[in-house]
Amino acid sequence: MYTTCFALLAATALASSPLSPRQSTQKVIVDLTKRYQTIDGFGFSGAFQRANLIVNLKEPKQSEVLNLLFNTTTGAGFSIVRNGIGSSKTSQSDWMNTILPNCPSTPDGTPEYKWDGKDSGQLWLSQKAWGYGVRTFYANAWSAPGCMKTNGNDANGGQLCGVSGTNCKSGDWKQAYANYLVKNVQLYAENGVSITHIGFLNEPDMSTSYASMQSSGTQAAEFIKVLRPTLDKANLTSVGINCCEATGWSIASQHASQINGAGAIPLVYAITSHEYTSRISGVMNTKAKVWQTEYSDLNGGWSTAWYSSGGSGDGYTWANTVFNGIVNSNLSAYIFWEGVQDRATNNNNNEKLILVDGQSYTVSKRLWAFAQFRVVRPEAVRVGASGGSNLKNAAFVNKDGSVAVVIINTGSSAQTVGISLTGSTLVNPNVQAWYTDNTHDMSVTPATVSNDGTASASVPGRGMISFLVTGAAANATIAER
Ligand SMILES: *[C@@H]1O[C@H](CO)[C@@H](O)[C@H](O)[C@H]1NC(C)=O
Ligand SMILES: *[C@@H]1O[C@H](CO)[C@@H](O)[C@H](O)[C@H]1NC(C)=O
Ligand SMILES: *[C@@H]1O[C@H](CO)[C@@H](O)[C@H](O)[C@H]1NC(C)=O
Ligand SMILES: CC(=O)N[C@H]1CO[C@H](CO)[C@@H](O)[C@@H]1O
């Protein structure tokens, strides 16, 4: 809708004080006529009982942590929550318990679901997220319950009985697994949270001592063909199926091609990839959307640095990682691994955004890297952005017509960045800008609009800046009439 209305070019004279630059201004041109993918959002997970760390925080710390994660004016403004659908018989260790600890003796027997009203703390977290306006909830099973699998265990790999290459004495459990996933969605709906996306595998190219189930893309397609009509029959037509949570981009690309070969791509909402075994690069060859659904620095010791010469847990490194996925690989969503985790787990590494240790918490700069993207709201469309030296630019038009521009300064010195729009005029623009570096977290910085219609602000070396321009695009149309 913006493309045709804004054939006129920028640069209407505006009555506002011109910028008096000390640094020469790096011009960034946002081209609203170049349109790329639609953004679903940015998120994290509270799986493996990590959500309980927030549940167990006392006020005011509990609200402080929730605000850091979800608040769109003071925190990261996350818009997606990825929940783990439990498959374990117990909650021992950090396992996620299932609603079906015991299967009926045959696949078409009546299942006895046992709902504990907690779902490892994830229902509470989801309800809180809902309160902040989050509307994208991705429920993702790591495995089917063990009783539906070739190895009789939800852990240690194994496959879903009924997909090609399996031959289980107990029969074909594909339909029972689909019914079980639908039940999970229904239980959340009964508790006020609409699950929007469902996944039935996690890292199916790997076998682990915790919940895991192996599958190829071809086998996944066989199940997708059962799950889609089961969701539809339950009136869950708008719940999208995501697949298959590969450990890395190259396997995810294989999944996409196998699912396509089996004719099931039209039944898939997003092909989902992690970045552990191969990093995201290039644009995946698929008609489905593509999400990065889990990645973190598993090796580095806990770090709250923004920039420490490119450390794998640095906020700056993560800013570049997310940027790469969204801009260079056309992703519609980028989801970090754990939102919170304690000190004891995995030698206090960087797989979380916030360290919650008993009643205290510490925030990493990785959270603030994501926060710089909070100006990009769900359903934003990425548009063209180019120009400036040592700058990485990304621009988006939000559903409300506001224009969000996210810029990383890869140089070591501060620069003044001036953004202007083509394909629209800046009519009474209201420009806000925020930046993050070693000593700032989404700090407000003044943005000036010069009389050639350029909105400028300064970004520190190795810093990141986000602009939000309201009164720009949508209202140019109104001005035209
Ligand atoms: C990016 O994704 C969108 C859908 O989200 C698609 O329409 C577009 O063609 C993709 N761009 C490229 C370069 O593949
Ligand atoms: C977000 O933070 C602001 C400022 O502290 C506060 O006024 C607002 O209520 C918070 N939003 C939610 C949904 O709690
Ligand atoms: C299905 O959903 C529609 C729209 O939300 C609703 O009107 C209808 O009653 C639902 N039907 C069933 C069987 O739940
Ligand atoms: C992007 C933007 O600022 N849109 C505004 C355009 O004007 C209408 C009506 O005044 C506002 O409601 C929009 O928010």
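All figures in this text were calculated on a predicted structure; none of them were measured in a lab.
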Measure the CG-CD1 distance between Asp205 and Ile251 for me, rounded to the nearest 0.5 Å. 4.5 Å
Would the Phe137 and Tyr188 ring centres measure less than 6.0 Å apart? no
Between the side chains of Gln292 and His274, does any donor sit under 3.5 Å from an acceptor? no
Answer yes when Lys399 and Glu379 have at least one side-chain N-carboxylate O distance shorter than 4.0 Å, and no when they do not. yes
Taking the six-membered ring for Trp and the single ring otherwise, decide whether the centroids of Phe70 and Phe44 are under 6.0 Å apart. yes
Reference residue Tyr295; test ring pair (Phe, Tyr, Trp, His ring centres under 6.0 Å); the match among Phe336, Tyr334, Trp318: Trp318
Are Arg374 and Trp434 in a cation-pi contact, defined as NZ or CZ under 6.0 Å from the six-membered ring centre and within 45° of the axis? yes
Ion pair check, Arg50 and Glu351, cut-off under 4.0 Å: no
Cationic tip of Arg382 within the cone over Phe396's six-membered ring, i.e. under 6.0 Å and within 45° of the normal? no
What are the two closest non-hydrogen atoms of Asn350 and Gly313, and how far apart are they? ND2-CA, 3.6 Å
Would you name the heavy atoms of Phe467 and Val375 that are closest together and state the gap between them? O-CG2, 4.3 Å
Nearest heavy-atom pair of Ile326 and Leu331: which atoms, and what distance? CD1-O, 3.6 Å
Salt-bridge criterion met for Lys365 and Asp314 (N-O under 4.0 Å): no
Passing option when Val356 is tested against Asp342, Asn56, Leu57 for side-chain contact (heavy atoms from CB on, under 4.5 Å): Leu57
From the list Glu245, His197, Glu338, side-chain hydrogen bond (donor to acceptor under 3.5 Å, both in side chains) with Arg82 holds only for Glu245
Aromatic centroids of His440 and Tyr435 separated by under 6.0 Å: yes
Centre of Trp249's six-membered ring, under 6.0 Å away, within 45 degrees of the axis: is that where NZ or CZ of Arg279 sits? no
If every non-hydrogen atom of Lys27 is compared with every non-hydrogen atom of Thr454, which pair is closest and at what distance? NZ-OG1, 3.1 Å
Please report the interatomic distance CD1(Ile265) to CG(Leu267), rounded to the nearest 0.5 Å. 9.0 Å
Could you pull out the closest heavy-atom pair between Ala433 and Ala447, with the gap in Å? CB-CB, 4.3 Å
I want to check something: taking the side chain as every heavy atom from C-beta on, are Ile408 and Asn320 in contact at a cut-off of under 4.5 Å? yes
